[in-house]
Structures are given as structure tokens and as C-alpha cells.
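Worth knowing before you read on, the calculation uses all heavy atoms, side chains too, and leaves out hydrogens, waters and symmetry mates.
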Amino acid sequence: IIRGYCASACTIFYSLPNACMDIGSSLHFHGASGIVGIEDVADLLLAQHYRGEIKSKFLSDWRHYTHPLFALPREEAIKLDSKIKRCEDF
């Protein structure tokens, strides 16, 4: 169950088979920083856990965010990845 603010490495859990997003939750994305020379590799490793348009947008845009992070409210996330489950539907 993803509740509230889910940022950074937490975002990899949204795509697990039994994961769901609660009302009012949001995903917050950023790219790797502070790891000179391997940022692209780290971003690709994160992206392996994302699906569909979320993965595409992370790789093309959101990975360039550091502060503030890119915020994606639950309903917007579901529009980009229809496989995301709402917790109240369980």
C-alpha cells in the first residue's frame, strides 16, 4: 500500500503485482545525483521498475529533476499507467 508521499526509491514499489495507491497518495520522481559518472546508469536501473508512460516520462524528463522532485498525484499516475490499482478497489 502506497500512502501519502512516496518519493525516490519508494517509487519502484508502485509496479509490484499486489501494490496499490491509497486516496491522496502521490509519487515523486528525481534522477540520480551526486554519483558523478554513473547518473545515467542509476536512472536506467530505476526505470526498469517503471511501466508505460511513467517510464517514458521518467527517462525523457523527470530524471532531470533534483529539487523539487516531480510530483505525480495518484489519479494522474493512473492515467499514465492503467495497471496501477486503487486501494479502495481491493
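Contact between Phe90 and Cys20 at its shortest, heavy atoms only, is CE1-CB, 3.5 Å. Listed here is the closest heavy atom pair of Ser26 and His28: OG-NE2, 2.7 Å.
Residues forming a side-chain hydrogen bond (donor to acceptor under 3.5 Å, both in side chains) with Asp61 (at least two apart in sequence, or on another chain): none. Residues satisfying the salt bridge (charged side-chain N to carboxylate O under 4.0 Å, His left out) criterion with Lys79, sequence neighbours excluded, are Glu76. Among residues two or more places apart in sequence or in another chain, the side-chain hydrogen bond (donor to acceptor under 3.5 Å, both in side chains) test is passed with Ser25 by none. Under the side chain to side chain contact (heavy atoms under 4.5 Å, CB included) criterion, Asp81 pairs with Tyr14, Arg51, Ile54, Lys83, Ile84, sequence neighbours left out.
Atoms CG and NZ, from Leu46 and Lys55 in turn, are 11.5 Å apart once rounded to the nearest 0.5 Å.
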Expected list for residues 5-12: side-chain donor-acceptor pairs under 3.5 angstrom, two or more places apart:
| from | atom 1 | to | atom 2 | distance (Å) |
| --- | --- | --- | --- | --- |
| Ser8 | OG | His30 | NE2 | 2.9 |
| Thr11 | OG1 | Ser8 | O | 2.7 |
| Thr11 | OG1 | Tyr50 | OH | 2.6 |

Would you list the atom pairs, donor with acceptor, under 3.5 Å between side chains in residues 67-74 and any protein atom, with sequence neighbours excluded?
| from | atom 1 | to | atom 2 | distance (Å) |
| --- | --- | --- | --- | --- |
| Arg74 | NH1 | Met21 | O | 3.0 |
| Arg74 | NH1 | Glu88 | OE1 | 2.9 |
| Arg74 | NH1 | Glu88 | OE2 | 3.3 |
| Arg74 | NH2 | Glu88 | OE2 | 3.0 |

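No continuous path of hydrophobic side-chain contacts links Leu59 to Leu45 [ILVMFWY only; heavy atoms under 4.5 Å]. Hydrophobic clustering (ILVMFWY, side-chain heavy atoms < 4.5 Å, transitive): Leu80 and Leu16 are in one cluster.
Within a 6.0 Å sphere centred on NZ of Lys85, heavy atoms belonging to other residues, nucleotides or ligands number more than 12. Around atom CG of Leu44, more than 12 heavy atoms belonging to other residues, nucleotides or ligands sit under 6.0 Å away.
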Exercise. Apply side-chain contact (heavy atoms from CB on, under 4.5 Å) to the pair Arg63 and Asp40, showing each step before the final yes or no.
Key: CA-CA 9 Å; Arg63 72 186 190 131; Asp40 288 340; 3.2 Å; yes

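The closest donor-acceptor contact from the side chain of Asp43 to the backbone of Ala32 lies under 3.5 Å.
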